[in-house]
Amino acid sequence: MLDKNMPIMDGVDVAVTFKKWESEGRFSHKALLVLVTGDEKMVDKHYDKTLFDSVMIKPIAKNNISKILIKSQLIEGRT
């Protein structure tokens, strides 16, 4: 999860760097990148589907985080 408003490098800058490193083969698997922002109006401007797999608006509900983790297969879904 990358917050849009992080100090030094914001989430978009970090995502661009990650994608560059992926294309260079620096990772053995694809990173799941989620844009997090508190400003819903900024989503259209900064949510680039080529950079991010998903977007979340703050405040983030616990079940939304679980959905992202299940989607990325980092945890198993409960039935």
Side-chain angles (χ1 to χ4, degrees):
M1 296 180 137
L2 300 169
D3 197 306
K4 170 59 187 105
N5 294 316
M6 295 189 307
I8 302 171
M9 286 182 80
D10 70 20
V12 175
D13 293 335
V14 172
V16 168
T17 301
F18 266 66
K19 292 299 180 180
K20 178 179 179 256
W21 289 348
E22 280 181 350
S23 70
E24 294 171 352
R26 294 189 188 197
F27 300 122
S28 60
H29 62 279
K30 181 187 176 301
L32 176 74
L33 302 178
V34 179
L35 177 65
V36 178
T37 182
D39 187 353
E40 196 169 346
K41 295 175 187 171
M42 297 300 280
V43 171
D44 290 336
K45 183 176 180 182
H46 295 285
Y47 176 48
D48 179 347
K49 290 183 181 181
T50 64
L51 292 176
F52 296 99
D53 299 289
S54 187
V55 63
M56 291 182 155
I57 309 298
K58 292 187 254 181
I60 301 170
K62 184 179 175 181
N63 65 335
N64 287 341
I65 294 172
S66 296
K67 288 176 187 176
I68 293 293
L69 295 174
I70 290 167
K71 177 181 174 185
S72 64
Q73 299 177 347
L74 295 174
I75 62 172
E76 291 183 22
R78 294 187 181 151
T79 55

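In terms of heavy-atom proximity, F27 sits nearest to F18 at CE1-O, 3.7 Å.
Expressed to the nearest 0.5 Å, how far OG1 of T50 lies from NZ of K19 amounts to 7.5 Å. Between the NZ atom in K58 and the CE atom in M56 there is a gap of 12.5 Å [rounded to 0.5 Å].
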With side-chain contact (heavy atoms from CB on, under 4.5 Å) as the test, would you mind laying out the steps for L2 and L33 before giving the verdict?
-> CA-CA 7 Å; L2 300 169; L33 302 178; 4.0 Å; yes

Verdict with supporting geometry, F52 and V12, side-chain contact (heavy atoms from CB on, under 4.5 Å) = CA-CA 9 Å; F52 296 99; V12 175; 4.2 Å; yes

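The closest donor-acceptor contact from the side chain of D53 to the backbone of V34 lies at 3.5 Å or more, if one exists at all.
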